[in-house]
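Keep in mind that what you see is a predicted model, and the values were worked out from it rather than measured.
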Amino acid sequence: MRKYYCGFMILVTAIITAILPDIVQAAGGPAEMLVVVADSRRAHGEIARYFVDSYNTNPVWFGIECTIITAIMGVTFGLLTDFIMKRVGIDLTSRKIVEH
Amino acid sequence: MKRNLTLCIASIALVMLMAIPAMSAEVAQGKTVKYDKDNKIIVVEEYDLNITPQTKYGKSTGKELTFDLKEALIGKTPEPGDIVRIAYTVVGKDNKAIRLMNVTKQDIMKK
Amino acid sequence: MDWYMMYMPIAGIEIFWPGLVLIGFAVGCIGGFFGMGGAWMVTPGLNILGFPMAFAIGTDIAHIAGKSMISTFRHSKFGNVDYKLGLIMIVGTVVGIECGAQVVMWLERIGEVGPVVRWVYIGLLALIALMVFYDYYKATQKKKAGDVGEHGAEGITWYKTLHRINIPPVVHFKVAGITCSAWLPIGVSFLTGVLAGFLGIGGGLIRMPALVYLIGCPTHIAVGTDLFEVMISGLYGTFTYGAKGRIEIWAVFVMLAGAAIGAQIGTVATKYAKGYGIRIAFGLAVLACMVSIILKQFKIDMPATVLILGAVGAICIYICMIMFSGAAKELREKKSAA
């Protein structure tokens, strides 16, 4: 039973993930939508240029990149500041109140 | 439960990996000279990056560029005189547009 | 370009970057100190700084995703997250966020996104301010009466009635210790999802009490599960707004850096804060934010910027002062004890 449940969960998740980009794109809809073109001529540096290119050429990929990078940045900054605070002598990992 | 969670995350990651990674595109900005709606072709007088309070979209280079809009995502319909920004790739001798932004008609700064 | 301006390559605008750092720092600081989200000031703040409204919402939601990742990991370590409940709620959250984002995109197309979102925010902030001042009033009344006990959820048992709805599938949540129709958490998460997707907030403001009063979760499980949902809504919101091209990733980076430092200072400061006076300062900051949105709505841009940055800056300085004086005292005591 558990096996079928797992399989069902994977199938549902995969279907939703596969059709989501289409739903997301559909938000653009008909002709009079607002399309933004990022000006890569004014982007300085390789990284900025990469993001602008990815924004202009493949929005779904840009969305995925944003999600991954934001998650990584959040965890990195959090762990880094935790580490610094520990070095200062204040341990916050066991506190009750959590910011969000 | 944790196993389910891992499986869900793995299936999401798998589908996401199937998305095609980014390719590079050129960007041009300028004044619309002609827009052929039926043949999906736009001719633009290119502007440079000389942006000043007087020339906030740049200065004209005098060069005219033609773009094929057949596969492009087009924003508000351009009319002659409108400032447009186009992301495009060069295929052979053609400029194939990917996205067209009508800068004049959708000044997002006002939103 | 002046040194204090930063070019945002996606939105194509120049932004006063110290303002961006201050907003990020303030969200972290206020969020860490009060234990509730500070995202309510980010969307209006970014809009007042010059971001188009849809970009402000997308950037705010992405910044929430980053911030909530670490909080969720911390909470899951203590086993405070009911993953089964969280996973079921994902359905409602994701659909809700998408609906909220679609409404934003539609409003953008018809050119009304700025005013509509601003007015909704004005309403929301008025509600938060009212809540804060009412809370303060109640606390002072109780103090006068000599009653210092905790006010809990005992009086409100709506969830008992809602648990009688047995539309299948009826699910038992082991960690939270409740049994109810799966549609109840899905419905709750859908509504909060719509709000989160529309305003670019985490939705904890509504989801937390809903989990306690409507679903019947114990408070500590509600906090953990809510954080898990905030993370999911943040991540999905980031994806959907990113795919719609309404996220300025550079601004997210700058704000996250500020927020990480701010959150630590805010959380440490809670150890040393005494009395309810700070709540009044918080309420005033909310009111100042509300007034600055009204000013922005009537295109009085400069005073709006000064007011919002001034208000959040002042409350940050206040919290920093509490933290530094308290921490210095504690370290001094530690040294003398050693």
**Q** How long is the span from the CE atom in Met255(C) to the CE atom in Met73(A), to the nearest 0.5 Å?
**A**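 Reported value, rounded in 0.5 Å steps: 9.5 Å.
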
**Q** If every non-hydrogen atom of Trp250(C) is compared with every non-hydrogen atom of Ala48(A), which pair is closest and at what distance?
**A**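 Closest heavy-atom pair between Trp250(C) and Ala48(A): CZ2-CA, 3.3 Å.
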
**Q** Nearest 0.5 Å, please: how far is CG in Asn56(A) from CD1 in Ile10(C)?
**A** 7.5 Å

**Q** Within this structure, what is the CD1-OG1 distance for the pair Ile247(C) and Thr67(A), rounded to the nearest 0.5 Å?
**A**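 Nearest 0.5 Å value for the CD1-OG1 distance: 7.0 Å.
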
**Q** The criterion is side-chain contact (heavy atoms from CB on, under 4.5 Å); which residues satisfy it with Ala251(C), sequence neighbours excluded?
**A**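 If we apply the side-chain contact (heavy atoms from CB on, under 4.5 Å) test to Ala251(C), skipping adjacent residues, the hits are Met8(C), Leu20(C), Phe51(C), Thr59(C), Glu248(C).
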
**Q** Roughly how far apart are Thr70(A) OG1 and Phe239(C) CZ, rounded to 0.5 Å?
**A** 13.0 Å

**Q** Let me confirm one number: the OG1-CD1 distance from Thr81(A) to Ile265(C), rounded to the nearest 0.5 Å.
**A**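 If we round to the nearest 0.5 Å, Thr81(A):OG1 and Ile265(C):CD1 are 10.0 Å apart.
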
**Q** Can you give me the closest heavy-atom contact between Pro9(C) and Ala43(A), atom names plus distance?
**A** CB-CB, 4.4 Å

**Q** How far apart are the closest heavy atoms of Gly74(A) and Leu256(C), and which atoms are they?
**A** N-CD1, 4.1 Å

**Q** Measure the spacing between CZ of Phe51(A) and CD1 of Ile249(C) and express it to the nearest 0.5 Å.
**A**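 Atom-to-atom, Phe51(A):CZ and Ile249(C):CD1 are 6.0 Å apart.
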
**Q** Which atom names give the shortest non-hydrogen contact between Gln264(C) and Gly78(A), and what distance separates them?
**A** NE2-O, 4.0 Å

**Q** Taking the six-membered ring for Trp and the full ring for Phe, Tyr or His, determine whether the centres of Tyr241(C) and Phe62(A) are under 6.0 Å apart.
**A**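 Here the rings of Phe62(A) and Tyr241(C) have centres that are no less than 6.0 Å from each other.
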
**Q** Any donor and acceptor pair, going by atom type alone, linking the side chain of Tyr55(A) with main-chain N or O of Gly245(C) inside 3.5 Å?
**A** yes

**Q** Can you establish whether the number of heavy atoms outside Phe253(C) located under 6.0 Å from its atom CZ is more than 12?
**A** no

**Q** Tell me the closest heavy-atom pair linking Leu34(A) and Arg246(C), and the distance in Å.
**A**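 Shortest heavy-atom separation between Leu34(A) and Arg246(C) comes out as O-NH2, 3.0 Å.
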
